[in-house]
Amino acid sequence: MNLLRLTAMEALEMMGRDELSAGDLTGAFLDQIDRHEGDVAAYLYVNEAGAREQAAAAGGRGGDRSLNGIPTAIKDVLCTEGMRTTCGSRMLEGFVPVYTATCVSRLAEAGVVNLGKTNMDEFAMGSSTENSAFGPTRNPWDLDRVPGGSSGGSAAAVAAGEAMWALGSDTGGSIRQPASFCGIVGFKPTYGSVSRYGLVAFASSFDQVGPLTRSVRDAALMLQHLVGKDPRDSTSVAHPEEIVIPRDQDLSGLKIGIISELSGGGIDAGVREVFQQAVRTMAEAGAEMETASIPHAEYCIPAYYILAPAEASANLARYDGVRFGLRAQGARDVIEMYEETRSLGFGDEVKRRIMLGTYALSSGYYDAYYGQAQKVRTLVVNDFDAAFREFDLLVSPTTPTTAFGLGERVDDPLTMYMSDICTVPANLAGLPAISIPVGLDGGMPVGMQFMGPAFSANRLLQAAHSTEAAVAFDRVSPLIEEQD
Amino acid sequence: MVNHDDVRYVAGLAKLKLAEEELDRYAVQLSTILNHINKIAELDLDGVEPTSHVLKLTNVFREDEPQSSISQEAALANGPEVEGNAFRVPAIVRK
């Protein structure tokens with residue numbers, strides 16, 4: 001039996017019936033890491049000995065052990081006490097956190113096995129994982145292509161069978177876009193529903209942690225353990241309803257809007273075709289599918305690339321070589337030390353965003369950029385409010401293209417930013433959104449994105465699960481397939 | 001759009017030291033990005049309230065109760081240069 005094909009729900013059932021041991025399960029994933037990590041490079045750190053130990057102890061009782069023995073990968077943007085956390089940056093090479101992110105400790109308390117820390121664009125800034133200071137991750141479906149980003153390592157690990165599921169973070173699409181490129185499920189929760197404590201900050205009014213999984217039900221299962229108010233993150237809020245595992249049912253009774261601005265001309269023909277086929281399948285499964293509009297969609301990327309870099313420029317001021325991380329040697333005074341440390345420690349894209357944000361916040365430009373962008377944000381929030389008065393949910397393709405080639409966009413930042421055109425609107429409005437695979441275009445996965453009103457995770461997950469079943473996309477990457 | 005000197009000025013504000021050729025490259029790239037960003041100038045935003053928080057949270061209060069924190073040793077553990085109970089830095093004021 002190819003254990004790499006199992007979802008976490010299936011593995012838990014088998015372990016519950018004593019048909020599978022946690023040790024064998026973790027062993028299967030560590031073997032796959034041995035076989036393919038040299039090519040895929042999904043991890044920055046593989047916790048091999050620790051994972052075997054945790055798997056061996058997974059039979060133990062006590063506390064909530066409802067995720068006992070599930071092999072889990074963690075994006076290296078999340079602090080893990082005693083385990084290196086680099087954020088894909090030279091700036092944090094060798095940094096060992098003294099505390100653990102709340103979302104990681106919640107999963108650990110439920111019994112997951114920590115397989116290690118996954119690669120990412122430096123400080124989560126990027127859409128291809130090529131901005132990692134430690135080299136790119138490759139797409140398990142085609143090793144010459146990118147896995148997407150910034151949670152590219154997490155997405156590639158799950159798609160390659162190098163993890164059963166993974167944690168990622170999403171500021172402008174960094175969970176959904178790589179999930180789409182790698183043919184898996186990625187969920188960005190409502191802003192504030194998952195604690196950001198221990199998540200290295202990029203853009204604090206956007207950042208949100210969420211699951212990358214092989215099925216919608218697995219996403220719901222992990223989310224059950226992630227949501228909740230955390231006294232250590234004052235922007236976190238209690239999720240108003242308990243997250244439930246979606247049931248097998250069709251889509252009747254749901255009125256779903258297809259966002260015209262995000263599913264037309266800017267989208268590759270091949271992606272559009274797969275998307276439209278999925279829309280027809282949803283209609284056959286009982287959903288009422290109609291055209292919807294987010295009139296200010298085209299202003300989302302411009303507003304986002306003012307606000308997120310502005311927040312980043314403030315958040316990344318902490319990397320000054322004083323309290324942690326890199327320090328440049330030989331500086332004559334403290335200002336020179338700051339400048340040399342930051343020039344040495346940050347990569348190109350991070351410098352670009354810090355400067356963009358600093359410019360947008362600088363004297364004389366603040367009102368024209370930052371102030372105006374916050375108003376555009378209001379217009380986008382209003383657009384979604386209006387759409388959700390008419391529709392239960394909204395859909396679009398997750399990305400305008402399938403995974404692009406390694407190196408193809410690295411010298412062209414604006415084209416790279418456009419990869420997030422469909423995902424950024426949900427971040428601006430703080431809404432929950434999920435990407436599920438709905439087919440292949442030229443052998444590469446195509447994702448469909450569902451967006452819902454704030455805190456509508458249950459409705460969103462149910463509709464995504466019903467669509468997943470109706471579309472019946474059952475392909476996995478060749479790296480998993482070859483273990484059949 | 002931004003030129004070489006603008007980039008040097010902004011890099012200075014952000015405490016980044018850039019080589020001359022980097023200043024030129026960033027000037028071109030940042031100009032391309034700003035050109036796209038300037039699209040928001042098309043919008044009439046008079047009377048639109050800026051979004052300060054997407055969930056419209058206002059004040060978040062809690063009781064002011066002392067709690068334990070990380071130890072001094074842990075706080076210093078990642079310091080690039082530590083002396084006694086302090087982070088050591090190069091001269092701030094020169095004689």
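Convention: sequence-line order gives letters A, B, ...; per-chain numbering from 1.
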Rounded to the nearest 0.5 Å, what's the gap from [atom1] on [X] to [atom2] on [Y]? Could you check?
| X | Y | atom1 | atom2 | value |
| --- | --- | --- | --- | --- |
| A:R377 | B:I40 | CZ | CD1 | 13.0 Å |
| A:L316 | B:L16 | CG | CG | 10.0 Å |
| B:L13 | A:Y359 | CG | OH | 12.0 Å |
| B:D46 | A:K375 | CG | NZ | 6.5 Å |

Tell me whether [X] contacts the main-chain N or O of [Y] through its side chain, where contact means a donor paired with an acceptor under 3.5 Å.
| X | Y | value |
| --- | --- | --- |
| A:T378 | B:E49 | yes |
| A:Q374 | B:T51 | yes |
| A:R342 | B:A14 | yes |
| B:N78 | A:V96 | yes |

Check: Stepwise, does the side-chain contact (heavy atoms from CB on, under 4.5 Å) test hold for A:F455 with B:L55?
Finding: CA-CA 10 Å; A:F455 302 111; B:L55 298 179; 3.9 Å; yes

Check: Taking the six-membered ring of B:Y26 as reference, does the NZ or CZ atom of A:K351 fall below 6.0 Å from its centre and within a 45° cone about the axis?
Finding: no

Margin query: I'd like to know which of B:V7, B:L76, B:L34, B:L45 tops the heavy-atom pair count under 4.5 Å against chain A.
Written below: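 With the most close heavy-atom pairs to chain A, the winner is B:L45.
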
Next item on the list: Against chain A, work out which of B:I37, B:V60, B:V82 has the most heavy-atom pairs shorter than 4.5 Å and name it.
Entry: B:I37

What part of [X] gets within 4.5 angstrom of chain B, counting heavy atoms only: side chain, backbone, both, or neither?
| X | value |
| --- | --- |
| A:E340 | side chain |
| A:Y304 | neither |
| A:M418 | side chain |

For residues [X] and [Y], determine if any side-chain heavy atom of one lies less than 4.5 Å from a side-chain heavy atom of the other.
| X | Y | value |
| --- | --- | --- |
| B:H36 | A:P302 | yes |
| A:S343 | B:E22 | no |
| B:Q29 | A:L414 | no |
| B:V89 | A:Y338 | no |
| A:D333 | B:V93 | no |
| A:M355 | B:L18 | yes |

Next item on the list: Tell me the residues of residues 360-368 of chain A whose non-hydrogen atoms fall below 4.5 Å from those of chain B, in number order.
Entry: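 Listed by number: A:S362, A:A368.
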
Next item on the list: Using heavy atoms and a sub-4.5 Å threshold, report which of residues 379-386 of chain A line up against chain B, by residue number.
Entry: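 The residues closer than 4.5 Å to chain B, in numerical order, are A:L379, A:V381.
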
I need the residue from [options] with the largest number of non-hydrogen atom pairs under 4.5 Å to chain B.
| options | answer |
| --- | --- |
| A:P231, A:A429, A:A373, A:G94 | A:A429 |
| A:V376, A:I354, A:T190, A:V322 | A:V322 |
| A:E298, A:E336, A:E339, A:R332 | A:E339 |
| A:F324, A:Y299, A:Y305 | A:Y299 |

Check: Under a 4.5 Å heavy-atom cut-off, does chain A meet the side chain of B:N38, its backbone, both or neither?
Finding: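 Contact with chain A: side chain only.
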
Check: Side chain, backbone, both or neither: which part of B:R25 has an atom under 4.5 Å from a heavy atom of chain A?
Finding: side chain

Checklist line | From CA spacing to verdict: side-chain contact (heavy atoms from CB on, under 4.5 Å), A:L431, B:V54 | finding: CA-CA 9 Å; A:L431 304 175; B:V54 285; over 6 Å; no

Checklist line | Within the 6.0 Å centroid threshold, strictly below: B:H53 and A:Y191 | finding: yes

Checklist line | Side-chain ion pair, B:K15 and A:D320, N-O less than 4.0 Å | finding: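 Answer for the salt bridge query: no.
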
Next item on the list: Assess whether atom CD of B:E73 is packed by more than 12 heavy atoms of other residues, nucleotides or ligands within 6.0 Å.
Entry: no

Next item on the list: Of all the heavy-atom pairs spanning B:P80 and A:G325, show the shortest one and how long it is.
Entry: CG-O, 3.6 Å

